[in-house]
Amino acid sequence: MAQIQLTFPDGNKREFNAGITPAEIAAGISNSLRKKAISATVNGQHWDLQWPITEDAEIAINTMKDAEPALELIRHDCAHIMARAVQEIWPDTKVTIGPVIKDGWYYDFDREEPFVPEDLALIEKKMKEIINKRDEVRTEIWDRDRAVQFYKDNNEPYKVELIDAIPGNEPLRMYWHGDWQDLCRGPHLQNTGQVPADAFKLMSIAGAYWRGDSDRAMLQRIYGVGFQNKNDLKKHLHMLEEAAKRDHRKLGREMDLFHMQEEAPGQIFWHPNGWRIYTELQNYMRRRQNQAGYVEVNTPQVVDRKLWEASGHWEKYQDHMFIVEVDEEHAREKSVNALKPMNCPCHVQIFNQGLKSYRDLPLRMAEFGSCNRYEPSGALHGIMRVRGFVQDDAHIFCTEAQIEEETKRFIDFLSLIYKDLGFEEFSVKFSDRPETRAGSDEVWDKAEAALIAATEAAGSEYTLNPGEGAFYGPKLEFVLTDAIGRDWQCGTLQVDFVLPERLDATYIGEDGAKHRPVMLHRATLGSFERFIGILIESHAGKLPFWLAPRQVVVASIISDADDYVHEVVAALQAAGVRAEADIRNEKINYKVREHSLGKVPAILAVGMREVEERTVSIRRLGEKQTRVVTLDEAVTSLSQEAKAPDLA
RNA sequence: GCUGCCGUAGCUCAGGGGUAGAGCACUCCCUUGGUAAGGGAGAGGUCGGGAGUUCGAAUCUCCCCGGCAGCACCA
């Protein structure tokens with residue numbers, strides 16, 4: 001029999017008969033390892049204990065102590081066990097797919113009756129029974145015809161479809177435990193009893209389209225989370241609770257920042273506190289953009305369909321536009337308009353006024369552009385995904401040769417802004433040419449190469465999003481992560497060769513002839529609305545001092561100090577600090593509690609002692625310690641802290 | 001948009017075919033208290049909207065609107 005040489009993690013090499021399985025190797029080492037083993041890693045590949053090894057390899061036997069394989073197996077086996085539990089309880093349920101995801105797994109089912117939340121406890125109970133049976137997990141390789149016939153006989157049409165989608169030369173692997181089986185590429189645990197029965201939890205039920213396609217059947221998805229032990233599960237559930245506390249919708253209400261109501265779905269009523277954040281951020285962005293060589297413009301909200309037809313939006317984007325038709329009876333002139341969903345066509349109109357020279361390029365045209373998009377109802381989410389919002393938008397009109405330099409400038413600009421706003425970490429995605437696109441391959445080659453070169457020159461790591469570019473050009477996306485790990489695209493830069501053509505933008509080159517400029521669409525924050533949502537969540541409402549809507553509350557301890565309270569407030573306001581007085585007939589405990597919950601970063605308490613000494617007692621948010629300083633010192637330090645990062 | 005769940009006072013929520021409830025917030029009175037809730041009294045809702053069943057609907061049924069989770073979408 002042929003021999004193979006296996007190398008163990010400690011460097012030991014040993015000879016084995018070809019075809020030996022990791023289970024046999026583990027048994028040869030010790031009986032306890034045989035029992036504790038969950039899988040192997042063979043040449044870096046996660047390997048089932050039952051799979052034979054046929055060539056020389058590096059091998060490691062994994063146990064539950066090896067977090068990465070352990071979590072993958074626990075979650076994957078949980079998915080199978082859950083599917084088995086569901087089919088044992090409701091035998092008419094059809095199974096589809098059940099992959100491992102971050103923190104857990106899901107499985108999609110097709111069943112007439114919808115699952116209800118109470119079913120989750122039922123399924124969990126059944127899962128624990130299955131785990132306690134300690135059924136051995138067996139795997140077999142089947143040929144295609146047998147597998148297809150098997151699933152046809154068992155009325156599992158989705159599995160038949162999955163097999164059809166697997167390339168013909170790949171073996172079909174079946175996994176069994178008890179009488180239940182699933183088509184699965186593995187690996188899996190040795191037996192169901194290896195899954196910790198107290199470290200998983202079924203979380204939610206939701207709809208999901210078969211194969212992610214909204215034209216196909218809506219399945220029922222059950223989500224679960226699973227860990228190595230009970231304590232990790234507890235920690236995870238606790239983390240979710242903490243994340244829920246920093247939900248911007250909850251904090252927005254508690255801090256009295258904004259509200260939304262059903263007469264204007266997806267649009268925001270900004271309250272005074274919220275609007276202070278908004279304007280502070282906008283003023284900051286305006287200063288930064290001016291410094292970076294942008295010119296600011298402003299363009300119309302309601303624009304005739306003729307322009308949208310010319311830009312291509314009418315054809316490609318109409319479903320997402322608010323159409324405004326003037327009532328014929330009252331109309332002085334009949335027209336069909338749309339609220340602008342984007343600013344680009346209007347910016348080209350400004351560019352097209354008068355003749356432009358190559359000397360005018362690059363022309364960086366910025367607008368805090370108020371846009372309205374009719375987003376699908378299910379997409380709306382607090383202030384993060386809305387129908388009315390303001391982009392910190394700009395279009396850079398430039399030559400092809402300038403793409404790289406302008407991209408690099410933008411990445412530097414964005415990095416500076418994000419850093420000022422407390423986001424050192426963000427991810428960059430690069431989306432290249434989609435299948436249906438405008439423009440020649442040569443142009444795409446140039447644009448993609450320029451974007452990548454600039455990204456690398458700016459020192460940014462990026463991940464590739466193949467085929468996800470806009471039809472008019474490749475794009476970069478800058479992504480921030482919210483409190484519960486969801487990603488939000490904020491900044492973007494898109495190269496566009498199409499719109500200048502469609503809207504006939506030209507400049508006169510050095511050669512005296514007309515040329516087509518390239519447009520770079522770019523946004524740094526993305527939208528003020530979304531970015532403020534992310535700011536609120538990432539700071540759990542405790543915004544940096546300069547952005548805090550209420551910076552200082554001066555609270556009297558005794559009403560004899562009221563006059564002094566007003567004096568302190570006036571001094572702070574004169575120095576540019578957002579300060580307010582609290583001379584209500586309440587105890588200082590009450591005031592401190594209320595303003596702490598309101599996330600006011602500094603509470604200045606004054607009683608008779610402070611009045612006599614002309615001092616204030618400062619209590620910072622989140623600290624129990626108070627500090628007594630003179631009024632002058634307080635005004636100086638707080639006014640310094642109130643300055644935006646570019647002014648400090 | 002799709003699947004499921006939800007909508008009762010400003011907020012958080014209980015109730016459920018027969019006169020609408022609690023806590024907090026709010027208003028007034030007492031209290032002047034030194035760093036996370038001092039005490040008392042009062043006011044506040046045609047139970048998301050519409051239709052139906054019924055002697056009677058917040059409660060049951062249907063339609064619509066909005067919200068939440070996920071999916072799809074994010075040009």
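If you're wondering where the values come from, they're calculated on a predicted model, not measured in any experiment. Naming: A, B, ... by sequence-line order, numbering from 1 per chain.
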Indicate whether OP1 or OP2 belonging to [N] is found under 4.0 Å from a side-chain N or O atom of [X].
X	N	result
A:Ser214	B:C2	no
A:His381	B:G67	no
A:Arg221	B:G4	no

Nucleotide-resolved protein contact map, nucleotides 34-40 of chain B, B/S/- at heavy-atom distance under 4.0 Å: BBBBS--

Between A:Arg627 and A:Glu633 (salt bridge meaning N to carboxylate O under 4.0 Å), is one present in this structure? no

Could you check whether A:Lys475 pairs with A:Asp432 (Lys NZ or Arg NE/NH1/NH2 to Asp/Glu carboxylate O, under 4.0 Å)?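 Salt bridge absent between A:Lys475 and A:Asp432.
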
Counting N and O atoms only, with roles assigned by atom type, does the side chain of A:Thr96 sit under 3.5 Å from a partner on the main chain of A:Asp108, one being a donor and the other an acceptor? yes

Is a donor on one side and an acceptor on the other found under 3.5 Å between the side chain of A:Arg385 and the backbone of A:Gly378? no

Stem regions touching RNA chain B, defined by at least 3 consecutive Watson-Crick or wobble G-U pairs below 3.5 angstrom: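 Output for stems: B:1-7 with B:65-71, B:10-13 with B:21-24, B:26-30 with B:38-42, B:48-52 with B:60-64.
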
Using the [atom1] atom on both, measure [N] against [M] and round to a whole Å.
N	M	atom1	result
B:C13	B:U8	C1'	9 Å
B:C47	B:A69	C1'	25 Å
B:G34	B:G38	P	12 Å
B:C24	B:G49	P	28 Å
B:C26	B:C65	P	37 Å
B:G39	B:A25	P	10 Å
B:G15	B:G67	P	26 Å
B:G1	B:U19	P	39 Å

Within the 4.0 Å heavy-atom criterion, would you say [X] contacts the bases, only the backbone, or no part of the nucleic acid?
X	value
A:His313	base
A:Gly312	nothing
A:Lys475	sugar-phosphate
A:Tyr223	sugar-phosphate
A:Phe471	sugar-phosphate

Salt bridge (charged side-chain N to carboxylate O under 4.0 Å, His left out) partners for A:Glu580, two or more places apart: A:Arg550

Which of the following nucleotides, B:C74, B:A69, B:C71, is nearest to the side chain of A:Arg385? B:C74

Selected nucleotide, minimal atom distance to A:Pro376 side chain, candidates B:A72, B:G67, B:U32: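 The answer is B:A72, which lies nearest to the side chain.
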
Base of B:G1 paired with side chain of A:Tyr209 (donor-acceptor, under 3.5 Å):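 Yes, the side chain and the base share a sub-3.5 Å donor-acceptor pair.
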
Classify the ring geometry between A:Phe269 and A:His259 as parallel (under 30°), tilted (30 to 60°) or perpendicular (over 60°).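 The rings of A:Phe269 and A:His259 lie parallel, inter-plane angle below 30°.
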
Quick one: pull up CG in A:Asp582 and CD1 in A:Ile588 and give me the separation to the nearest 0.5 Å. 7.5 Å

Euclidean distance, atom CZ of residue A:Arg387 to atom P of B:G67 [Å, nearest integer]: 8 Å

Would you say the side-chain atoms of A:Trp210 and A:Glu161 include a donor-acceptor pair closer than 3.5 Å?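 On atom types as modelled, these side chains qualify, holding a pair under 3.5 Å.
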
Is the distance between the ring centroids of A:Phe351 and A:His395 under 6.0 Å?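 No, they do not, as the ring centres are separated by 6.0 Å or more.
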
